[in-house]
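Below, read A as the first sequence line, B as the second, and so on, with proteins coming before strands; counting in each chain starts at 1. Only this structure's heavy atoms are used, side chains among them; waters, hydrogens and symmetry mates stay out.
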2 protein chains.
Amino acid sequence: MTTLKELAALLNISVSTVSKALNDSHEISENTRLRVKELATKLNYKPNRIAQQLKTNKSKTIGVILPTVTNPFFAEVLHGIEMAATNNDYDIIVCLSNETLHKEKRSLELLSNGSVDGFIMTVARESQVQKDTSHITEAISNQLPVLMFDRVIDDIACNKVIVDDFQSVYEATEHLIIKEQRKNILLVSNIEELSVGKLRIEGYTKALTDHNLEPHILKLDHAVDLDVEAKIYNYLQANTSIDAILSIDHVTGIVAINMAKKLGLDIPIDLSVIGFGYEHTQLLSSPKISIIHQKAHKIGEISTNLLIEQIENKDSDIQTIVVPSELKYTESVI
Amino acid sequence: MTTLKELAALLNISVSTVSKALNDSHEISENTRLRVKELATKLNYKPNRIAQQLKTNKSKTIGVILPTVTNPFFAEVLHGIEMAATNNDYDIIVCLSNETLHKEKRSLELLSNGSVDGFIMTVARESQVQKDTSHITEAISNQLPVLMFDRVIDDIACNKVIVDDFQSVYEATEHLIIKEQRKNILLVSNIEELSVGKLRIEGYTKALTDHNLEPHILKLDHAVDLDVEAKIYNYLQANTSIDAILSIDHVTGIVAINMAKKLGLDIPIDLSVIGFGYEHTQLLSSPKISIIHQKAHKIGEISTNLLIEQIENKDSDIQTIVVPSELKYTESVI
DNA sequence: TTGTACGCGTTATCAT
DNA sequence: ATGATAACGCGTACAA
């Protein structure tokens with residue numbers, strides 16, 4: 001890599017002259033400025049970012065810690081983060097916690113050494129369950145801004161960007177009750193231990209009790225593959241009064257549709273189905289599932305802009321932003 | 001952030017003594033070593049990574065440039081990359097090209113300034129179509145190792161990790177012909193302009209001609225949402241002789257199953273369906289789609305290890321590794 | 001207009 | 001056993 005020193009030596013001038021010339025300082029003559037720039041271009045000179053970072057004590061880099069990226073929600077959030085970061089001339093270092101506490105901890109600690117100017121994170125399942133978040137408060141007390149999105153720790157004071165989990169599910173449930181005249185709505189859950197899962201279940205339960213209806217909840221308890229199908233199939237077979245399904249994740253809604261068809265149910269006549277969904281979710285189901293679409297991309301964008309604001313403007317206030325979901329209903333037949 | 005200088009000042013000793021003490025140098029007395037370490041722990045000292053990087057002229061960071069991360073294949077590859085990088089004490093900086101040439105170019109150039117020690121990338125759709133890859137060769141001539149996976153530029157000499165696109169589709173097609181006795185196999189494609197798309201189509205075509213059968217290819221031409229369904233539905237309706245479908249992406253296979261059911265076809269009796277798939281693909285279809293499962297995670301892992309090998313051992317040879325896919329057939333009924 | 005000197009935080013070499 | 005000094009590459013205050 002070409003350095004200022006090398007350019008200076010080749011041109012027989014000092015390093016600082018070269019530096020100033022490249023930065024278009026008024027102190028430098030037109031002549032030398034051009035000579036310097038020409039050689040710099042020719043040798044493809046690029047200022048060493050590491051040196052600049054050391055000098056300014058800023059990395060212009062954000063640490064992004066996600067549980068996983070194979071979950072389409074997080075993937076889309078990451079996309080939003082990347083775009084917003086790029087727009088602000090920031091890089092992102094991505095770490096995946098795999099939902100484990102120790103990896104999340106490790107990443108946070110490892111990057112808290114000047115590598116990044118702040119963090120965007122969603123807390124790992126394990127950290128949330130074990131309520132161990134000392135590593136996060138430590139980073140904050142270390143002067144490193146942390147922004148939490150989606151899964152959030154209430155006790156920690158920091159910027160937060162969350163989804164309207166309670167509200168969107170409440171509305172979706174009410175839609176089923178009022179607009180579609182459903183009475184026996186089954187909630188299917190496999191994330192009941194997460195803060196977001198709890199909120200969604202609460203939204204559902206509240207809507208039902210508000211309308212004097214009985215809740216039906218099927219907890220899948222982390223079932224995978226065929227187990228998911230079997231549990232849903234068996235439940236539907238045993239409980240024929242169910243006339244609507246509300247899935248609080250992005251997979252089981254589609255599975256429910258498939259199982260219902262297998263049982264000979266006519267969707268959406270016999271059964272309405274709403275699930276959480278992203279980009280392709282509706283394309284993958286037939287008939288189209290109604291979805292609660294979380295604006296994942298927007299969440300990433302907002303989070304990034306908010307964090308950068310905090311990084312660059314130390315006395316900015318801490319806030320919690322709620323990003324409303326979009327309810328995309330399939331047209332009702334009733 | 002605590003620095004060596006601060007520790008030294010507080011302990012009334014020199015910076016170099018502190019540095020040596022922390023690095024367990026034999027030159028330092030047991031006594032001061034302990035005093036130093038105690039204070040360091042107390043003040044939560046962490047060596048500034050940026051300064052270390054400047055000193056060693058190594059970033060221990062890999063630049064990862066992907067077209068997108070909402071495609072589950074790339075998401076899973078990223079997961080593999082992240083794990084392997086972490087295992088080797090490397091960080092990853094992630095850039096998303098959004099399939100555009102200019103963003104890919106920009107990312108590559110921006111990071112070629114000491115920010116990273118090398119790149120893992122899959123070339124953007126646009127770069128591949130326009131055959132503009134000068135930015136990649138430039139990085140390489142800049143002494144920055146580049147590893148390409150999946151979509152690859154043949155003309156560029158560098159480490160490559162690819163999928164057995166031709167072979168896996170050839171075998172899948174042959175499976176349909178021989179094991180399932182299918183005669184009219186429809187290939188559904190919406191990525192025909194990508195190198196991997198071409199290879200898959202070639203595998204299909206070769207298998208058919210080897211068995212004296214006629215190819216049927218439905219090119220969707222980047223159709224989205226309902227268009228995808230409509231095109232497949234209409235084709236199946238108009239061509240009732242089709243008895244098998246081979247989708248070369250991870251979406252249209254499932255859509256095809258749904259459309260076939262809608263047309264009253266009995267799967268897998270009337271129609272066999274094979275698609276490319278990942279983690280959850282089979283869970284989302286009913287009956288289960290047969291899938292060609294690319295070992296995305298493994299591709300990420302291998303790529304990372306290979307690149308790090310090249311970074312740390314300059315005279316390692318360049319190679320191309322083919323990662324075989326796994327064919328997960330649903331049990332045939334015939 | 002150009003050059004000198006210093007500091008960012010770390011490590012390594014060379015004194016003491 | 002400890003300390004002084006230089007160096008990585010850059011930017012900038014200050015001197016010439």
* Classify the angle between the aromatic ring planes of Phe73(B) and Phe149(B) as parallel (below 30°), tilted (30 to 60°) or perpendicular (above 60°). =>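 Geometry flag for Phe149(B) against Phe73(B): tilted rings.
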
Using the test side chain to side chain contact (heavy atoms under 4.5 Å, CB included), find all partners of [X] that sit at least two apart in sequence or belong to another chain.
X: Glu309(A); answer: Asn313(A), Ser316(A)
X: Glu109(A); answer: Lys105(A)
X: Thr17(B); answer: Ile13(B), Ser14(B), Ile28(B)
X: Glu38(A); answer: none

* To do: Go through residues 34-44 of chain A and report each residue with a non-hydrogen atom lying under 4.0 Å from DNA chain C, sorted by number.
  =>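 Hits under 4.0 Å, by residue number: none.
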
* Asked: 5' to 3' on DNA chain C, which nucleotides open and close the contacts with chain A (atom under 4.0 Å from a heavy atom)?
  ->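 Answer, 5' to 3': dT1(C) to dG9(C).
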
Please give, in whole Å, the distance from [N] [atom2] to [X] [atom1]?
X: Asn31(B); N: dA1(D); atom1: CG; atom2: C1'; answer: 11 Å
X: Asn48(B); N: dC8(D); atom1: CG; atom2: P; answer: 18 Å
X: Lys5(B); N: dG3(D); atom1: NZ; atom2: P; answer: 16 Å
X: Leu54(B); N: dC10(D); atom1: CG; atom2: P; answer: 9 Å
X: Glu6(A); N: dG9(D); atom1: CD; atom2: P; answer: 8 Å

Could you tell me whether [X] and [Y] make a salt bridge, using a distance below 4.0 angstrom between a side-chain N and a carboxylate O?
X: Glu301(A); Y: Lys295(A); answer: no
X: Lys160(B); Y: Asp154(B); answer: no
X: Asp89(B); Y: Arg106(A); answer: yes

* Under 3.5 Å, is there a donor-acceptor pair between the side chain of Asn159(B) and the main chain of Val161(B)? ->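 Not a single qualifying donor-acceptor pair exists.
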
Heavy atoms under 4.0 Å, any strand shown: does [X] hit a base, just sugar-phosphate, or nothing?
X: Ile13(A); result: sugar-phosphate
X: Thr56(A); result: nothing
X: Asn57(A); result: nothing

* Partner set under side chain to side chain donor-acceptor pair (under 3.5 Å) for Thr122(A), not counting sequence neighbours ->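 Thr122(A): no side chain to side chain donor-acceptor pair (under 3.5 Å) contacts found.
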
* To do: Kindly write out the residues that satisfy side chain to side chain donor-acceptor pair (under 3.5 Å) with Thr70(A), not counting sequence neighbours, or none if the list is empty.
  =>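 Once residues adjacent in sequence are excluded, the partners of Thr70(A) under the side chain to side chain donor-acceptor pair (under 3.5 Å) criterion are Thr68(A).
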
* How would you list all residue pairs meeting salt bridge (Lys or Arg N to Asp or Glu O under 4.0 Å) that involve residues 78-87 of chain A, not counting sequence neighbours? ->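 Residue pairs with at least one partner in residues 78-87 of chain A: Glu82(A)-Lys103(B).
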
* In degrees rounded to 10°, what angle is found between the helical axes fit to the five outermost pairs at each end of the helix from dT1(C)-dA16(D) to dT16(C)-dA1(D)? ->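 End-to-end axis angle: 60°.
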
* Contacts of His135(A) that satisfy ring-ring contact (aromatic ring centres under 6.0 Å, His included) - sequence neighbours left out ->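 Result, ring-ring contact (aromatic ring centres under 6.0 Å, His included) vs His135(A): none returned.
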
* Pick the nucleotide of DNA chain D nearest each of Val18(B) and Ala51(A); which residue has the one closer to the 5' end? ->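 Looking at the nearest nucleotide for each, Val18(B) comes out on the 5' side.
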
* Asked: Just by protein heavy atoms under 4.0 Å, how would nucleotides 11-16 of chain D read 5' to 3' in B, S and -?
  -> BBBB--

* State, without any angle test, whether Asn44(A) and Glu138(B) hold a side-chain donor-acceptor pair at a distance under 3.5 Å. =>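 Yes - a donor-acceptor pair under 3.5 Å links their side chains.
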
